[in-house]
Amino acid sequence: MKRARQRLYRAVVPAFIAMLPVAHAADEYGVEDETAAPPADYTNHVEIGIGFTDDGDGKFGEYGSGLNGALQSDGPFGFGSLRWGASDPASAQYWRIDADSQQGRLLDAVWGVQGDFAFSLRGDRVEKIEYGDARHPYPASGATLLLPAGFVPGTSIRDEAWYAGHNIASTREVLGVDGVKHLGEHWTLRLDLESQSKEGEDTLGGNQGFYGVVLLPEELDYRTDLVTARLEYADERLHSTFEVHLSEFDNGARRLAYSNAQYAGSPPARPLGLAEFDTGPDNELLRLSTDGGYLLDGSTRLAWFVDWSRGEQDEQLLPLHIDPVYYPTVSPDNPIDSLDGEVERSSLRLSLAGRPLARFDYRLEFDYRDRDAGHDPVALPMLSYTGTASGGHSSHVYERETRRLSLEGGYRFANRARLRGGYEREAVDRGSEAFDPLGRFESYTDETDDDRYWLELKLPRLGALSLAVRAEYLLTDPSLSDETLDFIAPGGGQRRATPFFLLERSRDVYALDLDYELGHTTALYGSFEVVREDFDNETYGLHSRDARVADLGVSWSPASTLSVSAYLGREEYEIRQTGRQMGGTSVPYSEWLLVSDDDARSLGVNLEWEAIEGRLDLEAEFALLDTQSGYASSEIRNAGIALLTGPMPDVDDELLRVRLGGTWRLSERLDISGRYLWERRDAGDWGWDTLLDPAAATTASSLGFAWARPDYDAQVLMMALRYRF
Amino acid sequence: MKHSTAAILAFALALAGLAQPAGAAGAAHEEMPASTTYSDGTGSCTSCHDDAHAGAALSGAHGMAGDARAPAAGRGCESCHGPGGEHAADERAFRVAQTFGSRDAETAAARVEACTACHASGAQRHFQASEHQRADVACNDCHRVHEPRDRMLDRAAQAEACVDCHRELRSGMNKYSRHPMREGKVACTDCHAPHGGRGPQMLVEATVNETCYRCHAEKRGPFLFEHEPVQDDCGQCHDPHGSVNDALLVARSPFLCQQCHNDTRHPGTVYANPNFAANNRVVGKACQNCHTAVHGSNHPAGQTFRR
């Protein structure tokens, strides 16, 4: 694969560059326009500014741009942006550079001749703040996390003096080079090169059996290189593209070893030495695809998409790490050195769409997708807690084949009324290959058939009111293999829930959309959607999922200089699922029902106002999102052991944002602008809040890593001068 | 819900009260007879339409006279608006042949045709018969040709245009667990192809997973131990449009995991008090405190995705 990528770089890139000097003149109408220039009165400017933030804990959202570092620190900071470009309409040549340290891409530069070629360079960066200040006892991050000298596992962890704090954050960077070149009247070549990186830290859960669960700082060092070359043909009837796509992912921090801060351990319970993680292998992908369409007549079009790809992964497997002090007799040999994994995916989609009558249109589509594994399952030794090795573990090789046929049509009535409807059938075969506990190869397939019907009616317009309703019904009919049925059969000691995507289920969707125009200045909209999913579940797991989503909004523009919009939204989700409490081998199992509710309410107002024509622009935003989640559990069958049930705390989360801004035009070329942002997050989540105090025995016995939920209440004020040229 | 519904209705009524009565000027213009002959050129149009709104249309790609395909090299404004000869002579009696003011579905086909006469390939090659085209969405329902900067081409502003119709997605962008759309780092078009895509839901790739792997290639595998729903569809567990749960999860862990896994080796307790705060299966990353490699493990001892 690497050779293939190298060949592509060596062959395609120089060829692409070599084509430039022999560029053809501008093409005729009806051909590709990817070389199009941006608007010329795209005003050039250079901006420099200074800002001040009052709260170093202010995250201003989970993500930040180039300035995120500044917003994480108290005090002043600087920023700037540049937009510079020029075009010559007579020769159709243009260039442009955009650089912005605050919002949008950090760098976006393009140069080209419209109708002939274009080159662009882009770079971007985004930081994600996973959580706020975290604390852990390891003195240094890296591939091996060792405890400091004198640290006593299980004891020192309750003493905050051993903890050091830092942010858990990761940064993504993207650098891309794109080029497009017209080759004569009908052909266009496009080449995109992109390199993505993700560096920083995440958290990784580590345990050694049932004891000593710790959350660890995991070093991230990802890099993904993408190459896409596309050749396109277009004439008045036929459009077609041929594409080669390569992806290569490298994990630069593939292993993580750590010493357990929680559990001192003693034989034969657990090994005390370093435990080692495989944080994920490198992988590569080669994909060939073609898509296009052919106009059979003025209103009928045949379209296709075909692709084939091969993904590979042949990383050396990490050794089974066993401390010989405790497990001297265990043979840790792996049966294979690497998976040498290979997955081929192929897709075919054909669609025919047309409008045989002025009021009637249709679309017929067939879709086939296949995921085929080229490697075999592997039987692996199982290491028991007592240090003995035995057979019984097997990797599962997963394959999937999907066939979908859909038909839809629409008819227009008078007075803007319209009826659309469709039917879709999707058949999915999910195949598994593995070795059973006795080492016998087994292969089985679970099948599901989905039938979906939908209808959409736009009612005749009632004056200023437009109303549309939509209904959808989906029925999933599974046909499960004997192996899967055995696994989920009631009464077994290792009984599990049925995976919800293999359950028989029905889904109903009802939606209402309305728009109401009040003159030319005001528009109201509203939408309401109800989704109900019922699972015919005789075992444990998911039984129903309900959702209700309502939105209401208004936009008001009484003058060309003033625009106000506001929205209200509410989302309610309810999930009902059952489970059972472990009762032991001789005691029947008590069963429970859990009803989870999420209720999210949003409110927002936006204003844009040219307060003094040609002189003063003002803008404002207010946004509020309030989420409440509840978890109500109850016993539905007491089989001899009382259920450990009771009130579970709710989760409340509120995010409030106020943004004010204004621009004053000092002269024809000089603007001064000011921006103010206040953002507050108030999150109450027991999942994290209970980790605050490592000294509390209840917490420290669970997790040896503490962090606070990133609540903040922060403001930032920015002033900038912009010179336009 | 009752209080919120009442609040929403009150809010709507209050806003409705602010509204002004409907005007008839626009409709009257649409009812004028259309011009059938071309004018003397762009100058005929700009002699009246001389504001920035009109000028912007021919200032960018459309204004590149050096490109023979551009309107500036052809009939100028009438390249898109059709003949306007009679309108130029008597604007009170005639309109141009093609107007774009009405965003009505009835006019969508004609508005699309004015654009696809030139923009029929490249990213637009699948627009005909696409989901948007079948829903009577026309080009200028999203694009702004007469503005200096088309909002659809502005990564930070694009989502605002999309949620004009896809209203149910607006609040997702304000949730704490979301993609960085508000910051302009991820745009709707990074995942969706509004002119017609290769996959379901107008995705840019053939499947949901392939679309996700464009940025999250570390999840692609193949792995020694694979988690079936992960390879099946990322959407089984994640909602890419924003979630009230961490990591865009559709439900909170451990309860999400228990929708498929119950009592395999662990007590399938509901994790209520009194053991709640101490339970390593519910606080922190819940199941993932131990089962870290849920997207697939390549460790020979990773059969339960623990490493």
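Naming convention: chains lettered A, B, ... in sequence-line order (proteins, then strands); numbering from 1 in each chain.
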When heavy-atom pairs shorter than 4.5 Å are enumerated against chain B, which of [options] gives the highest number?
| options | value |
| --- | --- |
| A:S432, A:S395, A:S602 | A:S395 |
| A:Q93, A:E529, A:R369 | A:R369 |
| A:R412, A:R371, A:R420 | A:R371 |

Straight-line distance of [X] [atom1] to [Y] [atom2], nearest 0.5 Å:
| X | Y | atom1 | atom2 | answer |
| --- | --- | --- | --- | --- |
| B:D136 | A:K458 | CG | NZ | 7.0 Å |
| A:L625 | B:R178 | CG | CZ | 10.5 Å |
| A:F501 | B:E228 | CZ | CD | 4.5 Å |
| A:H396 | B:Q231 | NE2 | CD | 14.0 Å |
| B:F223 | A:D278 | CZ | CG | 9.0 Å |
| B:H216 | A:Y222 | NE2 | OH | 11.0 Å |

Could you tell me if the side chain of [Y] sits less than 4.5 Å from the side chain of [X], heavy atoms only?
| X | Y | answer |
| --- | --- | --- |
| B:N245 | A:D598 | yes |
| A:V378 | B:L224 | yes |
| A:S289 | B:R198 | yes |
| B:P222 | A:H375 | yes |
| A:D124 | B:K185 | yes |
| A:S87 | B:M64 | yes |
| B:Q258 | A:L594 | no |

With distance as the sole criterion, is a donor-acceptor pair present between the side chains of [X] and [Y] under 3.5 Å?
| X | Y | result |
| --- | --- | --- |
| B:N298 | A:E315 | no |
| B:R220 | A:S247 | yes |
| A:Y398 | B:D232 | yes |

- Pairs of heavy atoms under 4.5 Å with chain A: top-ranked of B:G221, B:A109, B:G63, B:A286: B:G221
Chain A heavy atoms under 4.5 Å from [X]: which part of the residue, side chain, backbone, both or neither?
| X | result |
| --- | --- |
| B:H179 | backbone |
| B:S253 | neither |
| B:E218 | both |
| B:S297 | neither |
| B:A293 | neither |
| B:E160 | neither |

Where on [X] is there a heavy atom nearer than 4.5 Å to chain B: the side chain, the backbone, both, or neither?
| X | answer |
| --- | --- |
| A:L542 | both |
| A:R416 | both |
| A:V651 | side chain |
| A:A90 | backbone |
| A:S351 | neither |
| A:T224 | side chain |

- Would you check if the side chain of A:Q114 reaches a backbone N or O of B:A61 as a donor-acceptor pair within less than 3.5 Å? yes
For the residue pair [X] and [Y], what are the closest heavy atoms and their distance?
| X | Y | answer |
| --- | --- | --- |
| B:R214 | A:L226 | O-CD1, 3.9 Å |
| A:L318 | B:P300 | O-CG, 3.2 Å |
| B:A217 | A:F249 | CB-CB, 4.0 Å |
| A:Q577 | B:F255 | NE2-O, 3.0 Å |
| B:F225 | A:S394 | CE2-O, 3.8 Å |
| B:R167 | A:S527 | CB-OG, 4.2 Å |

- Task: Please test B:R252 against A:Y631 for side chain to side chain contact (heavy atoms under 4.5 Å, CB included), starting from the C-alpha separation and ending with a verdict.
- Result: CA-CA 10 Å; B:R252 186 188 182 89; A:Y631 308 91; 3.0 Å; yes
- Flag the pair A:E571 and B:K175 as a salt bridge only when some basic side-chain nitrogen lies within less than 4.0 angstrom of an acidic carboxylate oxygen. yes
- Query: Is it true that A:D361 and B:R134 have a side-chain N and a carboxylate O under 4.0 angstrom from each other?
  - Reply: no
- Quick one: is the NZ or CZ of B:R170 closer than 6.0 Å to the six-membered ring centre of A:Y567, and within 45° of its axis? yes
